[in-house]
Amino acid sequence: MAIAKAERLMNLALCLLGARRPLTKRELRASIEAYVEAFGSGSASGPGDGSTGSEESFSRMFERDKDDLRELGLVIDTVDNLDGETGYVARRDSNRLPPIILDAAEATALGLAARVWQQARLAAAASGALQKLHAAGGMPPGALPEQGGERQLSTLEPHIPAREAAFEPLMLACRDRRPVAFDYRKSNAARSEKRQVEPWTLECWRGHWYLAGWDRGRQAERVFRLSRITGPVRSRTGAFTAPVPDQVTVRETVERWAGEGATSTARVRLRTGAGYPLRSRALHTRELGDGWDEVEIPYGHGLDAWLVEFGPDVVVLEPAELRADVIDRLRAVAQG
C-alpha cells in the first residue's frame, strides 16, 4: 500500500534531523521506507532497482520533497563530502524555534481563536496546542487556571460558534485560494441557486459566519451567510480570476453587506419583549402601548434582510424604500 506523502515528508525530516553527518541521496533512498517501496533500495539486486528510469523518478520525488520541507520552514544544509558526493542534513541548532512568550492580550486572542474550532474536527488539536504552549511556559500565569488538577476555562468567556457544515471546507478554500461551488438560498427566496465563488475570507458578525468573495456568475464581490448554504461545498480547479483585496477591505465588505455602514436611520415598530438584537442598536426607544414600542435604529445596506428575520414582531414605519424592500421580501417568501 502506498505511503501517504505527509508520512513520507515526516520520515525524511526525521532522518535529516537525526543524522550525525550529511546523508547522500543514495543513503536516504535506502533508509526511508516510502522511497524503498516506490523505487527499491537503489542497488542492482532487484528488478527495477538501480535502473535509469527508477533513479530519475526518485531524484524528481526527492527534490520535490526537499523543496516542500524547506517551504514548511525546515533548514536543510547541502554539503559535499570527500568523495565529491552531495549530502544533506538538517542541523538541530538551525531548526530550533526561539522561546514563545505571549502577553495576556495575545494569549486571550489565541484562546478565542482556538474556541472557533469547538464544534469542528480540529477542536482537540486546538486544545492540545494551547496546553502545549502552557506547559512550555509560553502562556502567562492564570491564562488556563488549574482546578482539581485539570485546567478549567473561565465561567465568563467569549464564545464563537462554528456549527455550520460549510465552515471548515470554506476556511480551507480561503487558505488555499481555491474556487468553490455551493447552493445558496437568499433570505427572500424559497429555493436555492448555484453559486461559483472565489472565497476571500470568513468573518463572524453578530454570532453568524459570513463568507466574502468574488461571485463569478455575477462578476462582483458578494457576501454569503453560511447558515443559508444548502448542501455540500464543492471545490473547483483553476486560479482566481479577480484580485483579492486586503483584509480591511474584506472586513468592511462583510459589515456593509451584513447591515453595517449605516448612512441614515430607520423607525420601526417592535413588539414588546421581542427583537433584542434590534434594541441593542437602538438610538431612541419610545413605548407606544398595546404591546408595541417605536425604535429608531441605524439604517444601512442589508437592513431589510435582517428585519425580515424578525417576522411579525417588526413593522417598518420609515423610510418608505426600506418598508417597500421588507414587504417585497416577505411577499417573495409567502409566494414560495
Side-chain angles (χ1 to χ4, degrees), residues 4-6 9 67-73 106 108-130 133 158-187 192-261 301-302 305-306:
K5 180 180 179 181
L9 291 177
D67 291 342
D68 287 343
L69 288 177
R70 282 174 169 162
E71 228 178 279
L72 291 170
E106 292 170 333
T108 301
L110 189 61
L112 182 57
R115 297 285 293 173
V116 172
W117 295 104
Q118 193 173 42
Q119 288 88 24
R121 287 189 303 167
L122 294 181
S127 176
L130 288 181
L133 279 173
H159 177 67
I160 301 179
R163 300 185 184 91
E164 292 88 350
F167 176 84
E168 191 166 342
L170 287 176
M171 187 279 297
L172 296 175
C174 291
R175 183 197 67 183
D176 299 337
R177 291 287 186 260
R178 188 174 64 247
V180 295
F182 50 78
D183 294 334
Y184 187 76
R185 181 185 58 79
K186 296 191 294 186
S187 61
S192 302
E193 56 184 13
K194 296 186 182 300
R195 299 293 188 97
Q196 294 196 30
V197 179
E198 298 172 10
W200 294 340
T201 192
L202 291 167
E203 294 282 347
C204 187
W205 185 83
R206 296 191 180 277
H208 298 287
W209 281 98
Y210 294 86
L211 170 71
W214 181 260
D215 189 320
R216 287 180 170 180
R218 288 153 180 77
Q219 287 294 293
E221 65 181 57
R222 288 290 187 270
V223 170
F224 305 91
R225 183 162 155 174
L226 265 61
S227 61
R228 294 189 182 130
I229 294 177
T230 60
V233 175
R234 300 173 293 278
S235 297
R236 291 290 181 262
T237 58
F240 280 15
T241 60
V244 180
D246 58 58
Q247 183 69 17
V248 174
T249 301
V250 172
R251 184 173 294 115
E252 290 173 352
T253 301
V254 173
E255 293 175 347
R256 184 174 69 252
W257 280 85
E260 289 289 334
H301 182 89
W306 193 29

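Sparse packing is recorded around CD of Glu71, with 12 or fewer heavy atoms of other residues, nucleotides or ligands lying under 6.0 Å away.
Looking at every heavy atom in both residues, Leu69 comes nearest to Leu9 through CD2-O, 3.8 Å. Of all the heavy atoms in Arg178 and Arg236, the pair that sits closest is CG-O, 3.6 Å. Minimum interatomic distance between Pro179 and Thr237 (heavy atoms only, all atoms of both residues): CG-O, 4.4 Å.
Under the 3.5 Å distance criterion, the side-chain polar atoms of Tyr210 are left unmatched by any main-chain donor or acceptor of Thr201.
For the atom pair Glu164 CD and Arg225 CZ, the distance stands at 8.5 Å (nearest 0.5 Å). For the atom pair CD1 of Ile229 and CZ of Phe224, the computed distance is 8.0 Å after rounding to the nearest 0.5 Å. Note: Thr241 OG1 to Gln219 CD = 6.0 Å, rounded to the nearest 0.5 Å.
Looking at heavy atoms from C-beta onward, Leu211 lies in side-chain contact with Phe182 at the 4.5 angstrom threshold. By the 4.5 Å heavy-atom criterion applied to side chains, Val244 and Arg177 are counted as neighbours. For the pair Val197 and Leu170, the minimum side-chain heavy-atom distance is 4.5 Å or more. In this structure the side chain of Asp68 reaches within 4.5 angstrom of the side chain of Lys5, judged on heavy atoms.
Using modelled atom types and a 3.5 Å distance limit, the side chains of Arg185 and Thr230 yield no donor-acceptor pair.
Not counting sequence neighbours, the partners of Glu193 by the side-chain hydrogen bond (donor to acceptor under 3.5 Å, both in side chains) test are Arg195, Arg218. Looking at residues two or more places apart in sequence or on another chain, you find a side-chain hydrogen bond (donor to acceptor under 3.5 Å, both in side chains) between Arg216 and Glu198.
Trp214 and Phe240 have their aromatic ring centers separated by at least 6.0 angstrom.
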